[in-house]
Amino acid sequence: MFKIHEQKYHPDLDPKRKLYIETYGCQMNFSDSQIVGSIMTDNNFETTDKIDEADLIFVNTCSIRDHAEQRVRARLQEFKRYKKLKPGLIIGVLGCMAERLKSQLIDEEKMVDVIVGPDAYRDLPRLLSIAETGQKAINVILSADETYADINPVRLDSTGISAFISIMRGCENFCSYCVVPFTRGRERSRNPETIVSEAQDLFNSGFREVTLLGQNVNSYKSERGSGFPELMERIAEIDPALRVRFATSHPKDLSDELLKTMAAYPNICRSIHLPVQSGSDKILKLMNRKYDRQWYMGRIEAIRAILPDCALSTDVIAGFCTETEDDHQQTLELMKWAGYDYAFMFKYSERPGTVAEKRYEDDVPEEVKSRRLKEIIDLQQELSYRSNQADIGKTFEVLVENFSKKSQKELSGRNSHNKVVIFPKHDFKPGDYVNVRITACTSATLKGEAII
Ligand code: 5AD
Ligand code: SF4
């Protein structure tokens, strides 16, 4: 394997330079930024959260919707200002936009010096040394086996309680609307030993929650053939005081075996993110989701049977190609039936290179997409509120993560269902498990009193 250490700067000769990383998009990108942070700190950089003191600015980007890319482009324009103030400043674009646009991005956005795809982060020190000579540097080669398994992520912006662990990379599902299989490449799983030892190290250093990340964690497979339920078991066994979460599950692969493993370990959190995307069989087929409405409902029934007290969240896309009012109504009906606790909801955004872009017409007018999305959001707001109201009077074990945003006298944490709970501080602190009785709610948070 290509090692970055050959590129190390000489610490005695070279003072540490400052890296500022800004991250957009999914949790996997946040996890990748921590890997990048680690590679760079090994090469005589230190991370900073103050952009104006940076010698190097990285933007880790997302291509999932056009809007995400436009935000990054607007931000790049703002970076020109910092370049004027500090002429040696280097700007790098990382992640999915780098992979999708490749050298085209350098042509279009002249302030960019370095372009690095998600599988090329080990090459960053070499690319930077090229950029320092005033040349543009690019590496967007995708890999079949890179998992960054040996790199210990720098925990950026961390409260020291909850951490992400990336367990696999890439996606081969090729949902027809989605750019991820093109920007993140082939699916590959990380060696389980390195995952378990990362989780153990986190626990030893005070972390109390890990979220195992992958585009489709249910298809995790180690070289020896063990699957995701075995991996979850090993992480859950580290300590009963370590909470385990995971994201994301593809409904086509959510197995009863996983649900049974969850049921066997109280420290595996009672919360499943199961993206439905649409409630219409016709649309699901066009989306190449490889399940139908009946199958999806069957999976929820299995969750309810095996894990009766499990929260459910989902992703929904409004206005996919050919979606009629009837298709849209089926999505709303399915949402009501499932009674989701939480949802991420989007308007369909056509992405270049995908099957949907090539074969189907993006024929739902913008104002219809907006109206349908609003109906979906309004419904979810009601479902979330109803779900939170049903929690009033119940007591939950809350893992405290931070002070509440509004007051230093209140703490904020989450229960096993992944709901945010706010309560008066007393003598508790981040990292504590506290039993909190819920007394009030909004559609977004629960409020309560610690049981002392
Ligand atoms: N347009 C809108 N939403 C999309 N998603 C993925 N691709 C697109 C797209 N082209 C949504 C899906 C997915 C989530 C991560 O982003 O709902 O589950
Ligand atoms: Fe995209 Fe589908 Fe893969 Fe998720 S499972 S990343 S929506 S292709």
Side-chain angles (χ1 to χ4, degrees), residues 24-32 61-71 95-97 99-100 118 142 166-189 213-220 228 246-254 272-280 283-291 295-296 299 312-323 328 331 334-335 338 340 342-364 366 368-370 372-373 376-377 380:
Y24 292 82
C26 62
Q27 294 167 333
M28 187 65 88
N29 258 12
F30 284 81
S31 160
D32 279 3
T61 60
C62 170
S63 285
I64 200 115
R65 282 166 291 275
D66 184 56
H67 176 69
E69 290 200 355
Q70 295 314 326
R71 270 179 68 204
C96 288
M97 246 176 113
E99 192 62 48
R100 192 178 86 70
L142 287 173
S166 154
I167 64 161
M168 57 197 300
R169 300 181 71 81
C171 180
E172 287 171 23
N173 287 310
F174 289 95
C175 300
S176 66
Y177 50 80
C178 186
V179 78
V180 169
F182 305 96
T183 59
R184 288 192 161 268
R186 294 271 302 276
E187 188 176 285
R188 67 219 94 128
S189 296
L213 289 182
Q215 239 50 264
N216 177 14
V217 290
N218 300 109
S219 60
Y220 176 87
F228 188 58
F246 60 96
T248 294
S249 295
H250 195 303
K252 75 179 165 59
D253 302 316
L254 181 77
I272 296 182
H273 185 63
L274 202 64
V276 65
Q277 315 297 3
S278 169
S280 149
I283 297 292
L284 288 171
K285 197 156 182 52
L286 284 180
M287 286 178 162
N288 192 31
R289 289 291 288 175
K290 304 183 188 93
Y291 56 83
W295 169 271
Y296 186 89
R299 290 294 75 210
L312 261 183
S313 57
T314 199
D315 294 347
V316 184
I317 298 178
F320 187 63
C321 312
T322 80
E323 187 188 75
H328 170 60
T331 299
L334 185 53
M335 288 174 70
Y340 295 112
Y342 190 80
F344 297 95
M345 299 153 284
F346 315 101
K347 264 192 260 185
Y348 171 57
S349 165
E350 185 176 84
R351 306 312 291 132
T354 58
V355 165
E357 185 254 351
K358 289 186 189 146
R359 294 208 201 136
Y360 316 135
E361 199 188 333
D362 182 11
D363 58 356
V364 178
E366 186 56 30
V368 175
K369 280 186 191 170
S370 297
R372 288 182 190 163
L373 179 64
I376 288 169
I377 292 173
Q380 185 52 50

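Side chains are part of it too, since the values below use all heavy atoms of this structure and drop only hydrogens, waters and symmetry mates. Start at 1 and go down the list; that is how both ligands and their atoms are numbered.
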Looking only at non-hydrogen atoms, find the nearest pair between [X] and [Y] and report the distance.
X	Y	result
D32	P118	OD2-CB, 4.4 Å
M28	Q215	CE-N, 4.2 Å
K347	R65	O-CD, 4.1 Å
R289	K252	O-CD, 4.3 Å
T61	N29	O-ND2, 2.8 Å
I376	V316	CD1-CG1, 3.9 Å

Per-atom contact, atom 4 (Fe) of ligand 2, protein heavy atoms, under 4.0 angstrom: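 No, there is none.
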For [atom], what's the nearest protein heavy atom and its distance?
atom	value
atom 7 (S) of ligand 2	Y177 OH, 3.4 Å
atom 2 (C) of ligand 1	K347 O, 3.3 Å
atom 1 (N) of ligand 1	S349 N, 3.0 Å
atom 8 (S) of ligand 2	C175 N, 3.4 Å

Distance-only N or O hit between ligand 1 and R65, under 3.5 Å: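 Yes, at least one N or O pair falls under 3.5 Å.
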Distance-only N or O hit between ligand 1 and Y348, under 3.5 Å: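 No.
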Metal check, atom 2 (Fe) of ligand 2 vs C178 N/O/S, cut-off below 2.8 Å: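 So C178 does not bind atom 2 (Fe) of ligand 2 by this criterion.
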Within reach of ligand 2, part of P275 (heavy-atom separation under 4.0 Å):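 No part of P275 is near ligand 2 at this cut-off.
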Residue part near ligand 2, for R289, under 4.0 Å between non-hydrogen atoms: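 R289 to ligand 2: side-chain contact only, backbone stays beyond 4.0 Å.
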May I ask you to list the atoms of ligand 1 that are less than 4.0 angstrom from any heavy atom of [X]?
X	value
F346	3 (N), 11 (C), 14 (C), 16 (O), 17 (O)
I317	3 (N), 4 (C), 5 (N), 12 (C), 17 (O)
Q277	12 (C), 13 (C), 17 (O), 18 (O)

Of V364, I283, D362, L373, the residue whose pairing with Y348 passes side-chain contact (heavy atoms from CB on, under 4.5 Å):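 That would be D362; it is the only one of V364, I283, D362, L373 passing the side-chain contact (heavy atoms from CB on, under 4.5 Å) with Y348.
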Aromatic plane relationship, F344 with F346 - under 30° parallel, 30 to 60° tilted, over 60° perpendicular: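 F346 vs F344 ring planes: parallel.
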Whether Y360 and F320 hold their rings parallel, tilted or perpendicular, with breakpoints at 30° and 60°: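 Ring orientation of Y360 relative to F320: perpendicular.
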Ligand 1 versus [X], non-hydrogen atoms closer than 4.0 Å: side chain, backbone, both, neither?
X	answer
I64	both
E350	neither
Y177	both

Side chain W295, main chain P251, donor-acceptor under 3.5 Å: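 Flag set: sc W295 to bb P251 pair under 3.5 Å.
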Charged N-O contact under 4.0 Å between K369 and E323: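 No, no charged N to carboxylate O under 4.0 Å.
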Option nearest atom 15 (C) of ligand 1 (shortest heavy-atom distance, choices D315, T354, V179):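 Looking at heavy atoms only, D315 sits closest to atom 15 (C) of ligand 1.
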Closer than 4.0 Å to some heavy atom of [X] - which atoms of ligand 2 meet that?
X	value
N173	5 (S)
C171	3 (Fe), 5 (S), 6 (S), 8 (S)
Q215	6 (S)
P181	8 (S)

Neighbour count >12 (heavy atoms, 6.0 Å) for atom CZ, R186: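 At most 12 heavy atoms, drawn from other residues, nucleotides or ligands, come within 6.0 Å of this atom.
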S249 side chain to N218 side chain, donor-acceptor N/O pair below 3.5 angstrom: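 Yes - a donor-acceptor pair under 3.5 Å links their side chains.
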